[in-house]
Amino acid sequence: MTLYALDAVDDAGAAARDLLWPFDLGRWARLALVVFFVGSSGVGFPFQYTSGVPSGGEAPSVTAGAPEAALPGGTELFLIGAVAAAIVLVVLAFLLVGSVMEFVFVESLRKETVRVRAYWSRYWRLGLRLFGFRLVVGLLSLAVFAALAFAVFGPAFLGYGGISVALVLLAIPVFLVASIVTGLLSGFTTMFVVPIMLKEKRGLLSAWRRFWPTLSGQWKQYAAYAVVGFVLQLAIGIAVSIVTVFVAVVAAIPLGIVGLVGVGLLSVAEVAGWAVIAVAVAVFVLAMLAFGLLAGVPAQTYLRYHALFVLGDTEADFDLIESRRRAIRE
C-alpha cells in the first residue's frame with residue numbers, strides 16, 4: 001500500500017525549494033509576516049482564573065467607619081481585570097488575524113505569488129468563520145480541562161477533602177484523549193479543510209462535510225499523515241533550534257565584545273556606557289527576532305506543501321497545486 005504522506009516528503013521539499021529559491025528578500029519578508037501570524041493563530045487559551053479565600057476560611061471584616069479600606073482592593077481588582085481583558089483581546093486579535101492569514105498562506109502557495117493585501121481582502125470572510133471555529137474549539141477545550149482540574153483539585157482547594165489518587169489516574173488518560181482529539185480536529189481543519197474552503201468557496205462546516213467522506217474513506221492515509229506529520233514537525237523543530245542556537249552564539253560574540261566595551265565605559269562615562277550596552281542588547285534581540293521569523297518561512301512552507309500533496313493525492317478535486325505536482329513528479 002502506497003502511503004501518500006511518505007511519498008510527499010520529497011515532493012514537498014522540491015515545491016518549497018522552487019517557491020523560495022532563488023532568494024528574494026521581498027517574498028521572504030512577506031512570507032515571514034504571514035508565518036508569524038499563522039504560528040500565533042495556533043495558540044489555545046492557556047488562561048486559568050484562580051481565586052482564593054483567607055486561610056482562616058473567613059473574609060476580612062470591613063467596618064462601616066472605614067470605607068476607604070475597600071478602595072485598594074477594588075482598585076487592584078479593577079487593574080487585574082483590565083490587564084486580563086487586555087491580554088484576552090490581544091490573544092483574540094492574533095487569533096483573528098492568524099485565521100485570515102491561513103488563507104493568505106495557502107493562496108500564496110497555490111499561486112506561488114505572495115500578495116498579502118490582495119489575498120486578505122479576498123478571503124477575510126472565510127477567515128472570520130475559521131476564527132469562530134477556533135474560538136469555539138478553544139473554549140470547549142478550556143472547559144473540559146477546567147472541569148478535570150476542578151474534579152481533581154477542587155475538593156482539596158475548597159477544604160472538603162484531599163486529592164484523590166483514583167481521580168488523578170482517571171483524569172490523565174481523559175486529558176490525553178481530549179488533547180489528541182482537539183489537536184487532530186484543529187490540525188486537520190487547518191491543513192485540509194482550509195484549502196477546501198478556499199478552493200470551493202465553502203463555509204467551514206460545509207467544507208468539513210465535503211472532506212469527511214475522503215477522510216473516513218481513506219482513514220489509513222490520514223492516520224499515516226498524522227504520524228509522519230508529527231515526526232516531520234519534531235525533526236524540523238529540532239533542526240531549527242540547533243541552527244538558532246548556533247546563530248545566537250555567532251551573534252553574541254561581536255555584540256558581547258561591544259557590551260564589554262560599554263561595561264568598561266561605565267567607570268568613565270556612565271551614560272555612554274549604558275547606551276553602548278543597550279544598543280548591543282537591542283541589536284542582538286532584533287537580530288534573533290528577524291532570524292526566527294525567516295527560519296520559520298521554509299519550515300512552515302514545507303509542512304503546508306506536504307499537507308497539500310497528501311490532500312490532492314487522496315482526492316483530485318481538492319488539489320490546489322496540480323501544476324506544481326505535475327511539474328515535480330514528471
Side-chain angles (χ1 to χ4, degrees), residues 4-5 7-8 11-12 15-16 18-19 30-31 34-35 37-38 41-42 95-138 181-226 228-229 300-329:
Y4 300 141
D7 289 345
D11 296 337
D18 292 341
L19 177 68
R30 291 190 293 272
L31 281 174
V34 174
V35 167
F37 284 104
V38 167
S41 70
L95 186 63
L96 174 59
V97 175
S99 297
V100 181
M101 286 296 188
E102 294 287 357
F103 295 91
V104 175
F105 194 22
V106 173
E107 186 72 344
S108 298
L109 303 186
R110 178 192 188 187
K111 300 290 188 181
E112 299 185 3
T113 303
V114 187
R115 296 176 179 173
V116 177
R117 285 182 296 180
Y119 299 159
W120 176 285
S121 62
R122 188 180 305 170
Y123 295 113
W124 66 269
R125 292 178 180 84
L126 293 179
L128 285 179
R129 298 183 180 185
L130 179 62
F131 167 74
F133 169 82
R134 286 176 165 175
L135 185 61
V136 170
V137 171
V181 170
T182 302
L184 289 175
L185 178 61
S186 299
F188 277 30
T189 298
T190 299
M191 295 298 189
F192 302 120
V193 176
V194 164
I196 296 173
M197 294 173 65
L198 185 148
K199 189 175 191 298
E200 301 187 353
K201 304 299 186 293
R202 293 175 174 266
L204 191 140
L205 295 181
S206 175
W208 254 112
R209 287 193 294 268
R210 182 84 166 90
F211 174 57
W212 180 253
T214 302
L215 175 60
S216 58
Q218 301 195 52
W219 65 269
K220 293 180 181 179
Q221 296 290 350
Y222 285 98
Y225 167 81
V228 174
Q300 292 298 325
T301 300
Y302 172 82
L303 292 173
R304 197 58 60 94
Y305 264 130
H306 181 257
L308 291 176
F309 271 100
V310 173
L311 179 63
D313 282 334
T314 55
E315 175 54 65
D317 290 341
F318 299 155
D319 194 0
L320 275 73
I321 53 172
E322 182 178 358
S323 59
R324 175 55 53 191
R325 178 195 309 274
R326 185 168 55 250
I328 289 174
R329 292 182 174 175

Just wondering, do Tyr119 and Ser108 contact through their side chains at under 4.5 Å, heavy atoms?
yes
With Glu112 via side-chain hydrogen bond (donor to acceptor under 3.5 Å, both in side chains) - residues at least two apart
Arg324
Can any side-chain N or O of Thr314 pair as donor or acceptor with the backbone N or O of Leu311 at less than 3.5 Å?
yes
Thinking salt bridges, do Asp317 and Lys199 make one under a 4.0 Å N-O criterion?
no
Kindly compute the distance separating CZ (Arg209) from CZ (Arg202), expressed to the nearest 0.5 Å.
8.5 Å
Heavy-atom side-chain proximity of Phe105 to Met101 below 4.5 angstrom
no
In this structure, CZ of Arg210 is separated from CG of Leu205 (nearest 0.5 Å) by 15.5 Å
Quick one: does any side-chain atom of Gln221 pair with a main-chain N or O of Tyr4 as donor and acceptor, under 3.5 Å?
yes
What residue among Leu128, Leu126, Leu130, Val194 forms side-chain contact (heavy atoms from CB on, under 4.5 Å) with Leu204?
Leu130
Identify the heavy atoms of Leu109 and Tyr305 that sit nearest to each other, and give their distance.
O-OH, 3.1 Å
With side chain to side chain contact (heavy atoms under 4.5 Å, CB included) as the criterion, how do Met197 and Tyr123 come out once you've worked through the C-alpha distance, each side chain's angles and the decisive distance to 0.1 Å?
CA-CA 10 Å; Met197 294 173 65; Tyr123 295 113; over 6 Å; no
Closest approach of His306 and Ala5, non-hydrogen atoms and distance?
NE2-O, 2.8 Å
Minimum heavy-atom separation for Ile328 and Ala15, please, with both atom names.
CD1-N, 3.5 Å
Restricting to non-hydrogen atoms, name the atom on Thr301 and the atom on Ala16 that form the minimum distance, rounded to 0.1 Å.
CG2-CB, 3.9 Å
Does a sphere of radius 6.0 Å around CZ in Arg329 hold more than 12 heavy atoms from other residues, nucleotides or ligands, not counting ones at 6.0 Å or beyond?
yes
Least distance between heavy atoms, Phe309 atom then Arg325 atom
O-NH1, 3.2 Å
Which value, rounded to the nearest 0.5 Å, describes the distance between Ser186 atom OG and Phe133 atom CZ?
5.5 Å
Within the 4.5 Å heavy-atom criterion, are Val38 and Arg304 side-chain neighbours or not?
yes
Distance from Thr189 atom OG1 to Ile196 atom CD1, nearest 0.5 Å?
10.0 Å
By salt bridge (Lys or Arg N to Asp or Glu O under 4.0 Å), which residues pair with Arg122, not counting sequence neighbours?
Glu107
With rounding to the nearest 0.5 angstrom, report the CD1 to CG distance, Ile321 to Leu19.
11.0 Å
So which pairs with a foot in residues 190-212 pass ring-ring contact (aromatic ring centres under 6.0 Å, His included), sequence neighbours left out?
Phe188-Phe192, Phe192-Phe211, Phe192-Tyr222, Phe192-Tyr225, Trp208-Phe211, Phe211-Tyr222
Flag the pair Glu102 and Arg134 as a salt bridge only when some basic side-chain nitrogen lies within less than 4.0 angstrom of an acidic carboxylate oxygen.
yes
Which pair of non-hydrogen atoms, one from Leu184 and one from Ala226, has the smallest distance, and what is that distance?
CD2-CB, 4.2 Å
